[in-house]
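Each chain gets a letter, A, B and so on, in the order its sequence line appears, and its residues count up from 1. Computed from a predicted model, the values in this text were never measured in an experiment.
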Amino acid sequence: MPELSFASYPDLREQLLSKQTTCEAVTAAYLARIQSKKHLNAFITVFAEKALVRAKELDAKLASGKTIGKLFGLPIAIKDVIAIKDERLTCGSKILSNFTSVYDATVITRLVAEDAIILGKTNMDEFAMGSSNENSFFGAVKNPLDETRVPGGSSGGSAVAVAADCAMVSLGTDTGGSVRQPASFCGVVGVKPTYGRVSRYGLVAFASSFDQIGVFAKNAGDAALVLQVIAGEDKCDSTSSDKPVGDYAAASIDLSNLRVGVPKEFFTDALAPDIAAAVNTKLEFLKSRGATLVPVSLPHSEHALAVYYILAPAEASANLARFDGARYGYRAADVKDLTDMYVRSRSEGFGAEVKRRIMLGTYVLSSGYYDAYYRKAQQVRRLVREDYLKAFEQVDVIAGPTSPIAPFKLGEKVDDPLAMYLADIYTVPINLAGVPAISVPAGVDKQGLPVGLQLIGNLFDESRLFAVAKILEQSEMK
Amino acid sequence: MEYELVAGLEVHCQLNTHTKAFCGCSTAFGAQANTNVCPVCLAMPGSLPVLNARALESIIKMGLATNCRIAPYSTMARKNYFYPDLPKGYQISQFEDPVCSEGFVEVDTGDAKQSSLKKIRLVRIHLEEDAGKSIHDIGAETYVDANRCGVPLIEIVSYPDIRSTREASLYLQKIRQIVRYLGISDGNMDEGSLRCDANVSIRPKGQEAYGTRTEIKNMNSFKSVEKAMEYEVLRQTEVLESGGRVVQETLLWDADKMETRPMRSKEQAHDYRYFPEPDLVPIEVTSKMLEQITSSLPEFPEARRDRFVAEYKLPRYDAEVLTASRDIADYFEATVKTSGDAKQSSNWVMGEVLRTLKEKAIDIADFSIDAGRLGELITLYNGGTVSSTVAKEVFALMMASKDAPSKIVNDRGLAQVSDNAAIETAVAEIIAANPSQREQYRSGKKNLFGYFVGETMKQMSGKANPKLITDILKQKLDAA
Amino acid sequence: MAVTKQDVDYIAVLARLAFTDAEKEKLTDEMNSVLGYMEKLNSLDTTGIEPLSNMNDRTNVFRPDEIIPSISNSDALRNAPDKQDRFFKVPKVIEQK
């Protein structure tokens with residue numbers, strides 16, 4: 001069995017093409033690794049047999065001389081909020097714990113068409129609601145770097161799968177930071193593309209105007225390759241963009257032409273000083289390589305979290321109405337009548353955080369409150385977006401910390417929703433604005449826990465983010 | 001006290017697109033349960049809607065036909081409520097920016113002699129999706145069929161401009177006529193493609209302020225609409241007369257018991273929590289789109305009626321009847337094209353054709369005599385080949401046959417005899433056989449002329465050209 | 001605009017969720033703490049600001065009116081908690097007194 005020590009996907013691909021290894025051997029090694037890291041609880045479903053069958057088919061394809069796909073043999077894990085035909089789709093919830101999808105998400109179709117190998121479905125906060133991956137019906141996920149700590153959320157399982165080498169790459173989803181924050185907590189790369197860049201068809205919606213599928217990888221190049229495959233217009237998603245997809249993997253940049261915006265609103269008292277220091281080191285590195293650091297202001301940042309916790313739960317309250325026990329999913333036993341079926345199936349099927357957000361969302365949309373909350377929040381959302389678009393008239397990228405805090409202890413914040421929500425203050429505004437961002441490892445804090453640097457780009461400017469991220473990786477390797 | 005009805009109608013009309021509003025499933029009626037379904041209309045987790053272009057085109061047509069303002073920018077919204085036939089737990093509809101607003105239709109509240117036009121204003125017309133079907137009467141449980149989930153609907157909301165149950169019925173007929181003219185819906189009330197709710201209140205005649213209104217649902221036929229509203233006016237009158245107050249509530253019309261009854265309070269406790277649908281992008285109706293759709297519109301009933309009066313010299317009433325339905329009007333015009341005789345074509349279509357359709361309870365599309373054959377029959381009649389009696393006989397034969405009328409006439413020897421010699425022979429025989437009548441006629445009893453015509457026609461088995469009989473008889477009887 | 005226990009009761013009915021009294025009390029507090037945090041939005045003057053709901057600037061995304069084969073009845077009912085004869089089966093609405 002080969003060691004899982006591929007530097008990157010191009011390295012693996014080279015070994016596959018030169019017959020130094022096979023898809024089957026690589027897949028078997030990853031499956032074994034998943035097994036050995038089972039205690040991290042990163043996976044909800046592992047495609048043990050199916051992945052091997054698929055790997056053998058791909059080996060045969062290569063042997064037959066047929067054209068192989070861009071992601072040939074790439075072992076990938078998928079957050080269990082993305083539909084795969086004939087596989088369980090749980091969303092980390094009891095209410096869908098026995099649900100099987102009857103269709104493939106568009107991103108799955110695209111990955112399979114390029115010969116990726118799907119290893120399984122990863123654990124997550126229920127319906128992607130959470131920042132610690134403690135809100136899963138299937139149990140909390142542990143951070144491989146310190147197993148007493150959370151991996152971040154909601155895509156904790158996908159971040160851990162990559163960090164613990166259980167998959168080379170994984171897909172997560174990012175509604176308010178759910179890819180970037182766990183990437184930061186687990187010391188890997190996590191990218192959230194521009195809203196509309198990747199089709200949401202087959203992604204179980206949390207908050208439709210925020211959700212985007214993102215990618216975790218050990219390096220920016222692998223994330224770029226995968227994003228390039230899954231991005232692009234989809235006729236099944238009206239909100240997907242028809243703009244052409246760039247060659248992210250090939251992106252490069254001359255730092256002397258780069259203006260890096262440093263928003264003062266991201267460097268406040270809320271930010272732990274050692275995290276600030278780690279981030280500043282990276283900024284200084286960029287400066288030393290010729291980039292210009294430009295102070296910028298994003299004046300409405302302080303309102304972003306409030307806007308987010310009005311709009312996202314509102315959308316969620318409607319998105320989660322379909323889980324009612326009628327056509328699929330959990331139905332409570334011995335129900336008296338229709339209303340009893342609805343109320344008990346939902347009350348027993350959803351966890352506390354999901355119910356809390358449904359209640360909040362229902363409240364802000366209910367008669368008499370729409371204007372005060374929902375409409376007001378949508379207006380401020382525009383102000384937040386305009387902050388970013390204005391800033392990008394002066395700078396090419398914006399850089400700052402991904403999270404104000406280091407990975408915290410399991411159980412530390414479960415009883416304080418507002419404190420948990422505050423962990424997302426630097427990631428949420430990006431989803432409000434719809435712009436892309438990538439979290440890249442930026443050293444460690446004083447406890448040796450990973451720190452993430454967040455690079456934020458202008459709309460559809462993913463190429464530049466990947467180019468800068470690649471340069472930052474070089475500094476990390478030193 | 002004398003009270004006056006004040007009512008507004010909300011009409012739901014199912015569009016006749018091939019596919020559903022937001023997915024590619026067929027809208028065909030009568031498929032086996034839960035077979036015209038897909039992840040989107042079943043609200044499978046992760047699925048997303050995409051708007052059917054033809055549904056939008058249809059509502060824009062309706063807006064143009066009802067003098068609405070077509071919004072240059074409109075959005076879809078979610079209307080949230082739980083029901084087993086609503087898989088997503090919300091209906092995709094429109095709230096703040098409907099596609100059409102502020103229009104009107106005109107109904108003719110007059111009679112055959114005197115038309116009297118009344119304008120009924122429209123608040124809005126918006127696009128939404130239909131719910132599925134819940135079947136409650138099979139067993140102890142409710143059975144759900146999602147085939148109808150997502151079929152596109154337009155909802156046409158009128159102002160409270162309706163003042164009588166007859167106006168309500170005329171308005172509804174007008175809406176049906178328009179959607180059928182536009183070809184955007186079959187407009188059948190009994191199949192549920194046209195559904196109507198009414199907001200009904202009464203007020204003392206002469207009073208300006210509106211009374212408290214109730215909403216009546218579940219009126220499934222034109223008759224139900226009239227009956228339910230009549231019932232509700234009486235009920236509200238009784239309430240007021242006995243010193244009570246009308247309670248604002250939703251009522252269901254029970255067509256069997258012929259009464260309205262309140263819906264359960266739970267069913268009414270709605271707080272729909274509308275908000276913009278984040279899965280769909282806004283609709284921008286450009287002037288180019290509007291131009292294209294406008295140019296594709298058919299001639300509307302009123303314009304067509306006026307043209308029929310001007311072009312075919314038809315009485316206004318006849319033109320009104322002929323243009324009531326687009327299919328009938330098309331049929332009439334096609335008949336005129338073949339026959340070249342508008343007056344005769346109008347007589348035939350308004351007479352035999354409409355009578356037959358009514359008797360057989362069928363649509364013109366299912367009528368076995370196409371306009372070409374009818375036109376030919378009229379030509380045969382006009383050319384004297386058949387008498388009016390025989391023409392009606394041929395018409396009856398044509399219904400059971402695909403043959404051309406000329407073939408039927410030939411095969412059965414029904415052609416009118418226009419041969420002077422044959423008629424002269426018959427006339428001579430009849431005069432000879434009735435000497436006393438001839439004498440009476442000659443001595444001034446001119447009304448015996450009809451007797452001679454009848455006898456001659458009888459002699460010729462009804463196939464003689466009546467005009468020739470008349471001419472020859474006159475000549476022979478008056479001669480010598 | 002403090003959330004009351006009555007509000008929580010009403011919202012729970014709308015959302016088809018049930019809570020114990022203790023849960024309701026906790027939820028009332030939590031909702032107040034989160035909504036209280038949101039009150040600061042009111043310090044912003046948003047007069048004349050168009051609400052933002054369309055996140056990418058596309059409009060007019062349509063599909064042609066063409067039939068796409070539907071899924072099978074068995075796939076439609078595959079996950080149904082209760083079904084019979086091609087139908088989903090749910091309990092009846094019972095009249096509430």
Q.
At a 4.5 Å cut-off on heavy atoms, which part of A:Met359 comes close to chain C: side chain, backbone, both, or neither?
A. both
Q.
Which one wins on heavy-atom pair count under 4.5 Å against chain C: A:Ala433, A:Gly434, A:Ser209?
A. A:Ser209
(Q) If I measure from the heavy atoms of chain A, does C:Phe19 come under 4.5 Å with its side chain, its backbone, both, or neither? (A) side chain
**Q.** Cationic N near anionic O, under 4.0 Å, C:Lys26 to C:Glu23
**A.** no
Q.
Determine whether a donor-acceptor pair (N or O, by modelled atom type, separation under 3.5 Å) exists between the side chain of A:Asp211 and the backbone of A:Phe206.
A. yes
Q) At their closest point, which heavy atom of A:Gly349 faces which heavy atom of A:Lys94, and how far apart are they? A) O-CB, 3.5 Å
Q) Is C:Lys24 salt-bridged to C:Asp9, cutoff N-O under 4.0 Å? A) yes
Q.
Less than 4.5 Å to any heavy atom of chain C: does that hold for the side chain of A:Leu432, its backbone, both, or neither?
A. backbone
Q. Between A:Arg381 and A:Phe210, is NZ or CZ placed under 6.0 angstrom from the six-membered ring centre and within 45° of the ring axis?
A. yes
Q: Could you check which of C:Ser43, C:Ser33, C:Ala15 has the highest count of heavy-atom pairs closer than 4.5 Å to chain A?
A: C:Ala15
Q. Is there a donor-acceptor pair under 3.5 Å between the side chain of A:Ser93 and the backbone N or O of A:Thr90?
A. no
Q.
For A:Leu422, which atoms come within 4.5 Å of any heavy atom of chain C: side chain, backbone, both, or neither?
A. side chain
(Q) Does the plane of the ring in A:Tyr201 sit parallel, tilted or perpendicular to the ring in A:Tyr103? Use 30° and 60° as the thresholds. (A) tilted
Q: Against chain C, work out which of A:Glu348, A:Arg344, A:Lys355 has the most heavy-atom pairs shorter than 4.5 Å and name it.
A: A:Lys355
Q) For A:Ser101 and A:Ala83, which heavy atoms make the closest approach, and how far apart are they? A) OG-CB, 3.4 Å
Q) Quick one: what part of A:Asp242 sits under 4.5 Å from any heavy atom of chain C, side chain, backbone, both or neither? A) both
(Q) Just so I understand: if I count every heavy-atom pair under 4.5 Å between each of A:Leu360, A:Leu311, A:Ile358, A:Val307 and chain C, which residue has the most? (A) A:Leu360
Q: Can you tell which part of A:Glu233 gets under 4.5 Å to a heavy atom of chain C, answering side chain, backbone, both or neither?
A: side chain
Q | Which portion of A:Ser366 sits near chain C, non-hydrogen atoms under 4.5 angstrom | A | side chain
Q.
Report which part of A:Asp86 has an atom under 4.5 Å of a heavy atom belonging to chain C: side chain, backbone, both, or neither.
A. both
**Q.** Under 4.5 Å from a heavy atom of chain A, the part of C:Leu27 involved
**A.** side chain
Q.
Between A:Leu96 and A:Phe127, is the side-chain contact (heavy atoms from CB on, under 4.5 Å) condition met? List the steps.
A. CA-CA 10 Å; A:Leu96 286 179; A:Phe127 287 105; 4.0 Å; yes
Q) Which bit of A:Glu302 comes within less than 4.5 Å of chain C, counting heavy atoms only: side chain, backbone, both or neither? A) both
Q) So which part of A:Leu418 gets closer than 4.5 Å to some heavy atom of chain C, the side chain, the backbone, both or neither? A) side chain
Q: Below 4.5 Å from any heavy atom of chain A, which atoms of C:Arg63 appear? Answer side chain, backbone, both or neither.
A: neither
Q.
At a 4.5 Å cut-off on heavy atoms, which part of C:Glu50 comes close to chain A: side chain, backbone, both, or neither?
A. both
Q: Would you mind checking which part of C:Tyr37 comes under 4.5 Å of any heavy atom in chain A, side chain (CB onward), backbone (N, CA, C, O), both or neither?
A: both
Q) Who wins among A:Arg346, A:His300, A:Lys243 for the most heavy-atom pairs under 4.5 Å with chain C? A) A:Arg346
Q. Do you know which of A:Asp324, A:Val364, A:Thr362 has the most heavy-atom pairs with chain C at a distance under 4.5 angstrom?
A. A:Thr362
Q: Check each atom of C:Lys83 against the heavy atoms of chain A and say whether the ones under 4.5 Å are side chain, backbone, both or neither.
A: neither
Q.
I'd like to know which of C:Asp75, C:Leu44, C:Asn54 tops the heavy-atom pair count under 4.5 Å against chain A.
A. C:Leu44
Q: Determine yes or no for a side-chain-to-main-chain donor-acceptor pair under 3.5 angstrom, with A:Ser240 supplying the side chain and A:Asp234 the backbone.
A: yes
Q. Is there a donor in the side chain of A:Ser241 and an acceptor in the side chain of C:Asn56, or the other way round, less than 3.5 Å apart?
A. no
